[in-house]
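See structure below.
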Amino acid sequence: MTDVRDLLARVSAPEGSGRPIHDAATGEVIGNAPESGVDVLDDAVARARAAQPAWEALGHDRRIEYLLAAADAVDAHAEELARLLSREQGKPLNGPNARFEVGACSAWLRSSASVALEPQVLVNDGDTRAELHYRAVGVVGAIGPWNWPLMIGIWQLAPALRMGDTVVVKPSEYTPLSVLALIDVLNEVLPEDVLLAVSGGRDVGARLASHPDIDKVMFTGSTATGRRIIESSAGNLARLTLELGGNDAGIVLPGTDATAIAQDLFWGAFINTGQTCAALKRLYVHDSVYDDVVEALAEVARTTPMGNGLDEENVLGPLQNKQQFDIVNRLVEDAKSRGARIVTGGSPARELGELFYPITLVADIEDDAPLVEEEQFGPALPIIRYTDVEDAIQKANRLDVGLGGSVWANSRDEARAVASRIQAGTVWINSHGGLHPLVPFGGVKSSGYGLEFGVEGLKAVAVPQVING
Ligand code: NAD
């Protein structure tokens with residue numbers, strides 16, 4: 001194991017240059033991120049283009065070996081990657097946070113190595129023989145967010161490498177150092193120029209998406225940026241996978257045992273201190289169990305430690321950046337002004353640091369409040385009371401987003417009947433947000449299009465080719 005300082009020295013901009021990156025919990029400067037311009041991006045795309053044919057020609061077996069070696073390299077550096085991620089992103093080492101995220105990176109690399117996309121015989125009737133094959137798409141641009149920067153980066157790049165694509169990564173400007181460190185670790189084992197990263201501002205992201213030599217864009221981020229990427233794809237015809245914003249609803253059905261679901265409800269909403277795309281962001285609870293659910297959640301909130309992520313006991317951390325902090329603060333203040341009931345939290349936890357906001361459960365709130373309608377992406381959960389299940393389904397479906405959703409009940413059958421009516425890419429029963437590397441994940445409506453993970457994920461970074469005859 002190397003030290004975090006060694007890892008930082010490998011990826012930081014030279015002293016006196018670049019952009020300072022701060023520890024999200026303490027505000028301390030942890031390093032300087034290189035601020036590359038579009039010229040560096042253009043050079044990276046050219047190198048990735050030049051390296052692609054040889055990488056594809058290696059074949060699946062050799063690429064699988066590389067991916068497995070890459071997973072081992074991540075494991076070998078797991079602790080220092082987790083520590084750097086914890087400081088830059090803010091998420092604690094423990095709980096479903098930094099160590100968990102680094103573990104997911106090697107797990108997804110191994111899964112991308114193990115899954116197979118076999119050619120398919122479509123017709124073989126004596127007259128016609130047609131087979132469907134999948135070839136590398138070419139050069140993939142991977143543009144990521146700041147909330148799960150390492151794991152989402154791996155989701156984008158691992159299937160692409162497996163299929164014989166080369167990849168240029170543009171990390172979020174909020175969390176560049178941990179992504180650059182991860183790429184550097186992967187490049188301990190990968191051939192030169194197969195995987196490149198360019199750290200820079202939104203102009204670099206825009207150039208990557210619109211670059212004439214990019215064949216596919218894997219994008220995870222906001223719906224607003226996703227729309228811009230769709231526009232730029234009119235120019236380069238890049239294929240797109242768009243994992244955009246969400247505002248996932250959960251419905252607790254009548255009579256559900258509140259204490260049985262409280263822990264899973266809590267983590268469904270507050271994993272990564274609420275900064276998760278497919279987190280539970282609106283909770284609809286039947287009147288018969290409303291008070292019990294609110295109290296059971298409050299009990300978990302009161303006993304779950306928040307603070308500096310490097311302290312082993314903490315499992316909730318700060319917001320990653322001031323912009324996100326301000327969104328959460330504004331939405332909670334608005335809810336208060338409308339007369340909603342603050343059950344826990346409700347104002348910044350300044351005693352912990354500038355960017356800390358406590359777990360804020362907001363009860364007795366109307367469905368048209370901005371805290372319900374907008375994506376809060378932080379530790380505040382509106383809990384809406386309902387009396388008619390049909391009304392709850394209608395409310396869950398009324399927004400123009402559809403990443404995930406969940407139904408909570410004592411009876412699985414009862415929950416399944418409701419689950420099938422939720423407009424979302426994934427609906428969980430008695431849990432929310434759990435992902436598996438072999439199970440496809442993607443949104444509907446304004447939450448984006450395209451699937452990641454498993455065989456469907458490999459297809460998304462390939463082009464189909466029919467061999468006829
Ligand atoms: P963002 O859209 O502001 O930025 C994402 C990335 O896009 C950054 O790397 C940024 O530099 C880049 N970018 C900015 N302008 C660009 C342009 N014109 N062209 C190309 N790239 C450009 O998003 P964010 O604030 O980093 O992330 C938060 C959002 O991401 C939330 O809405 C959240 O729901 C969503 N998200 C979705 C998923 C998912 O899987 N669906 C996962 C995580 C986050």
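Below, all heavy atoms of this structure are taken into account, side chains as well, without hydrogens, waters or symmetry copies. We number each residue from 1, following the sequence as shown. The model shown is predicted, which means the values in this text are computed figures rather than measured ones.
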Spacing of [X] atom [atom1] and [Y] atom [atom2] [to the nearest 0.5 Å]:
| X | Y | atom1 | atom2 | answer |
| --- | --- | --- | --- | --- |
| I229 | L208 | CD1 | CG | 8.5 Å |
| H432 | T426 | NE2 | OG1 | 9.0 Å |
| E333 | R330 | CD | CZ | 11.5 Å |
| L7 | D3 | CG | CG | 9.0 Å |
| Q275 | Q324 | CD | CD | 6.5 Å |
| E354 | T26 | CD | OG1 | 11.5 Å |

Could you check whether atom [atom1] of [X] has more than 12 heavy atoms from other residues, nucleotides or ligands sitting under 6.0 Å from it?
| X | atom1 | result |
| --- | --- | --- |
| E312 | CD | yes |
| R239 | CZ | no |
| D368 | CG | yes |
| E173 | CD | yes |

Is it true that a side-chain atom of [X] and a backbone atom of [Y] form a donor plus acceptor pair closer than 3.5 Å?
| X | Y | value |
| --- | --- | --- |
| S447 | G402 | yes |
| D215 | V139 | yes |
| D23 | I30 | no |
| R63 | R162 | yes |
| Q320 | G90 | no |
| T223 | S446 | yes |
| N187 | L195 | yes |
| D400 | K445 | no |
| S86 | A82 | no |
| D125 | T128 | yes |

Q.
side chain to side chain donor-acceptor pair (under 3.5 Å) for S222 and T225? Distances and angles first, verdict last.
A. CA-CA 5 Å; S222 64; T225 308; 3.0 Å; yes

Q: State whether E65 and R62 are salt-bridged, where the test is any N-O pair (Lys NZ or Arg NE/NH1/NH2 against Asp/Glu carboxylate O) under 4.0 Å.
A: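 Yes, charged N to carboxylate O under 4.0 Å.
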
Q. Looking at R110 and D72, does any basic side-chain N land under 4.0 Å from a carboxylate oxygen?
A.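 Counted as a salt bridge, because a side-chain N and a carboxylate O are separated by less than 4.0 Å.
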
Find out whether [X] and [Y] are in side-chain contact, i.e. whether some heavy atom of one side chain is under 4.5 Å from a heavy atom of the other.
| X | Y | answer |
| --- | --- | --- |
| E88 | P176 | yes |
| F100 | N272 | no |
| L371 | D334 | no |
| H77 | E188 | yes |
| R207 | R202 | no |
| V198 | K170 | no |
| N124 | E131 | no |
| K216 | T241 | yes |

Q: Could you walk me through whether Q156 and V140 pass side-chain contact (heavy atoms from CB on, under 4.5 Å), step by step?
A: CA-CA 9 Å; Q156 297 177 332; V140 171; over 6 Å; no

Q: Give the intermediate values and the outcome of salt bridge (charged side-chain N to carboxylate O under 4.0 Å, His left out) for residues R83 and E79.
A: CA-CA 6 Å; R83 285 179 173 273; E79 184 62 13; 3.0 Å; yes

Q.
Is the ring pair F453/F441 parallel, tilted or perpendicular, if the boundaries are 30 and 60 degrees?
A.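 Answer is parallel, since the angle falls under 30°.
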
Q | Residues forming a side-chain hydrogen bond (donor to acceptor under 3.5 Å, both in side chains) with N430, sequence neighbours excluded | A |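 Partners of N430 under the side-chain hydrogen bond (donor to acceptor under 3.5 Å, both in side chains) test: none.
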
Q: For R282 and V372, work out which heavy atoms get closest and say how close.
A: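 Minimum heavy-atom contact is CD-O, 3.3 Å.
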
Q) Where do V167 and A160 come nearest, in terms of heavy atoms and distance? A)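 Scanning both residues, the minimum pair turns out to be CG2-CB, 3.7 Å.
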
Q: Have a look at Y174 and tell me which of Q89, Q323, H22 forms a side chain to side chain donor-acceptor pair (under 3.5 Å) with it.
A: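 Exactly one option meets the side chain to side chain donor-acceptor pair (under 3.5 Å) with Y174, and it is Q323.
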
Q. In a check of side chain to side chain donor-acceptor pair (under 3.5 Å) between K281 and each of E374, E375, Q376, which one passes?
A.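 The option that passes is E375.
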
Q: With side-chain contact (heavy atoms from CB on, under 4.5 Å) as the test, would you mind laying out the steps for L280 and W428 before giving the verdict?
A: CA-CA 11 Å; L280 207 175; W428 291 273; over 6 Å; no

Q: Start with the C-alpha distance between R135 and E56, add both sets of side-chain angles, then the distance that settles salt bridge (charged side-chain N to carboxylate O under 4.0 Å, His left out), and finish with yes or no.
A: CA-CA 9 Å; R135 309 279 183 221; E56 183 177 3; 5.9 Å; no

Q.
The test is side-chain contact (heavy atoms from CB on, under 4.5 Å); show your working for W155 and E243 and say whether it passes.
A. CA-CA 11 Å; W155 291 353; E243 299 282 4; over 6 Å; no

(Q) Let's go through V194 and Y66 carefully: what are the C-alpha distance in whole Å and the side-chain angles of both, what is the deciding distance for side-chain contact (heavy atoms from CB on, under 4.5 Å) to 0.1 Å, and is it a yes or a no? (A) CA-CA 11 Å; V194 157; Y66 276 115; over 6 Å; no

Q: Given salt bridge (charged side-chain N to carboxylate O under 4.0 Å, His left out), test E80 with R5 step by step and report yes or no.
A: CA-CA 9 Å; E80 63 265 32; R5 278 167 302 193; over 6 Å; no

**Q.** Chi angles and distances behind the salt bridge (charged side-chain N to carboxylate O under 4.0 Å, His left out) call for D213, R49
**A.** CA-CA 8 Å; D213 231 5; R49 170 62 64 198; 3.3 Å; yes

